[in-house]
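Each remark here refers to the structure printed beneath this line.
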Number of protein chains: 2
Amino acid sequence: MNESEKKKMNARAVGRLSLYRRMLQVLEMRGMDSVFSHELATLAGTSASQVRRDLMSLGTSGSPSSGYSVRDLGEAISAAISGVQRQPVVLVGVGNLGRAVLHYFQNNHPGLEIVAGFDSDPEKRGRVISGTPVYGLSYLPGRLAEDGIRTAVLTLPAESAQEVTDLLVGAGVVSILNMTNLRLKVPEGVYVEDTDIGVALERVAYFGK
Amino acid sequence: MNESEKKKMNARAVGRLSLYRRMLQVLEMRGMDSVFSHELATLAGTSASQVRRDLMSLGTSGSPSSGYSVRDLGEAISAAISGVQRQPVVLVGVGNLGRAVLHYFQNNHPGLEIVAGFDSDPEKRGRVISGTPVYGLSYLPGRLAEDGIRTAVLTLPAESAQEVTDLLVGAGVVSILNMTNLRLKVPEGVYVEDTDIGVALERVAYFGK
DNA sequence: GATTGTGAATAAGTTCACAGCC
DNA sequence: GGCTGTGAACTTATTCACAATC
């Protein structure tokens with residue numbers, strides 16, 4: 001029931017919680033031990049009522065006098081959006097974008113770890129980039145099965161994205177961060193988040209007109 | 001009135017239109033000259049009624065017998081979301097992520113062009129990366145004024161992101177693609193789109209649990 | 001007969017507003 | 001007095017459903 005209950009949370013709320021957690025880490029490092037909803041809201045670029053609404057979904061509670069405990073709230077968010085053990089993730093496509101992602105995650109990320117990168121380029125095999133070892137694509141299925149990997153990041157050229165996706169899904173991946181400009185076809189029940197730089201920049205350009 | 005009318009369009013719709021346009025380009029290259037809403041929907045990963053609703057906002061029209069003209073629709077979308085002339089964009093921060101963005105946009109992008117990159121690293125000044133020249137940050141204000149730049153991409157470390165943002169906004173930038181993990185503070189009326197890789201991956205990890 | 005264009009219905013997401021609390 | 005937690009109101013976004021059209 002706990003598990004099924006979690007799956008209810010919607011993607012936007014999860015994203016905001018992730019952001020709150022990052023802000024809480026900063027606050028904790030600064031030695032603050034409590035925070036009000038409107039403070040978190042300012043840091044995260046949202047509204048105080050939105051923050052309180054988001055926090056409702058994880059059974060925490062603050063107090064009217066001092067707000068929320070920075071430590072407790074951070075732990076509650078971690079419990080809600082990350083699991084107890086670190087979740088292993090693979091990344092496919094170690095070009096500029098893939099390297100940027102690896103660099104970003106090389107440390108400091110609670111709840112998840114990019115355990116391996118894969119690339120079709122023989123030049124890249126055997127290298128370690130930002131702490132993550134890179135393998136040839138032929139090792140992908142074995143590695144997925146071995147570690148029971150359920151989450152993947154796609155930072156490869158669009159041409160081979162669907163093919164790799166089919167491979168991933170066939171090997172048990174159920175959640176994909178798709179940084180390709182292709183919209184993937186996946187079976188029902190597989191979550192895909194599209195982070196399409198082209199679309200993002202065109203949108204920004206539109207609002208800059 | 002035309003101008004003010006355009007500004008009404010919401011960000012999600014603009015993003016989908018951008019996607020439709022890309023699909024239409026592919027269809028045009030394949031020699032197709034008409035397309036139905038449900039076909040575009042499948043390609044873009046949405047529903048036929050969503051497509052028709054989106055197309056309503058730009059005064060096109062399809063016919064029940066053959067759907068939409070691939071060419072006309074492409075042009076109508078371009079007219080709606082891009083302008084007539086190419087829009088100049090600058091990018092600040094030429095690390096892995098910045099290079100990935102430059103590479104992505106080096107060609108084939110209608111409506112916008114990344115005219116210059118900026119970086120604080122002296123090593124990078126004077127280089128041309130994926131067709132885009134890179135300058136030191138001191139050249140930024142001059143270049144913004146000179147070209148009347150209104151749109152920028154931030155792919156630099158979070159530490160200096162707010163400082164650079166203030167500079168950009170002060171020099172007339174009104175729309176920013178923020179690929180930093182910091183939430184920027186900007187005056188009313190400035191559009192910021194956050195593309196936060198950390199949040200994206202944590203969300204995906206959540207759905208992969 | 002299948003599709004478009006669109007009003008109406010529904011769903012999803014956000015903000016309001018206020019009782020209860022410290 | 002200012003804050004939390006939350007039902008209710010509201011706003012925004014999506015889907016339905018069907019008359020008009022080819």
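Computed over heavy atoms, backbone and side chain alike; hydrogens, waters and symmetry mates excluded. This structure is a prediction, so every number in the text was calculated from the model and none was measured. Naming convention: chains lettered A, B, ... in sequence-line order (proteins, then strands); numbering from 1 in each chain.
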Tell me: [atom1] of [X] to [atom2] of [N], nearest whole Å?
X: A:Met9; N: C:dG13; atom1: CE; atom2: C1'; value: 15 Å
X: A:Leu40; N: D:dT4; atom1: CG; atom2: P; value: 9 Å
X: A:Phe36; N: C:dC21; atom1: CZ; atom2: P; value: 18 Å
X: B:Glu39; N: C:dA2; atom1: CD; atom2: C1'; value: 12 Å

Measuring only between side-chain heavy atoms, which start at C-beta, is B:Arg12 closer than 4.5 Å to B:Arg16?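 Heavy-atom side-chain distance check passes, below 4.5 Å.
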
Closest of C:dT4, D:dT4, D:dC3 to the B:Pro64 side chain is C:dT4

Consider the side chain of A:Ser61, meaning its heavy atoms from C-beta on, and name the nucleotide among D:dC3, D:dG5, C:dA2 that approaches it most closely. D:dG5

When the ring planes of B:Phe36 and B:His38 are compared, do they come out parallel, tilted or perpendicular, using 30° and 60° as the limits? parallel

Is the A:Tyr191 ring parallel, tilted or perpendicular to the B:Phe207 ring (thresholds 30°, 60°)? parallel

Per-nucleotide protein contact along nucleotides 7-16 of chain D, 5' to 3', at a 4.0 Å heavy-atom cut-off (B base, S sugar-phosphate only, - neither), is BB----SSB-

Would you mind classifying the nucleic acid contact of B:Ser66 as base, sugar-phosphate or nothing, using non-hydrogen atoms under 4.0 angstrom? nothing

Can you tell me if the side-chain N/O atoms of B:Ser63 get under 4.0 Å from OP1 or OP2 in C:dT4?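 No, B:Ser63 has no side-chain N/O under 4.0 Å of OP1/OP2 on C:dT4.
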
Pairs satisfying salt bridge (Lys or Arg N to Asp or Glu O under 4.0 Å), at least one member in residues 21-38 of chain B, at least two apart: A:Asp196-B:Arg22, A:Glu202-B:Arg21, B:Glu28-B:Arg71

Tell me whether A:Ser78 contacts the main-chain N or O of A:Gly74 through its side chain, where contact means a donor paired with an acceptor under 3.5 Å.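 Answer holds: yes.
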
Any sub-3.5 Å donor-acceptor pair from B:Glu163's side-chain atoms to B:Ser160's backbone N or O?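 Not confirmed, B:Glu163 side chain does not pair with B:Ser160 backbone.
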
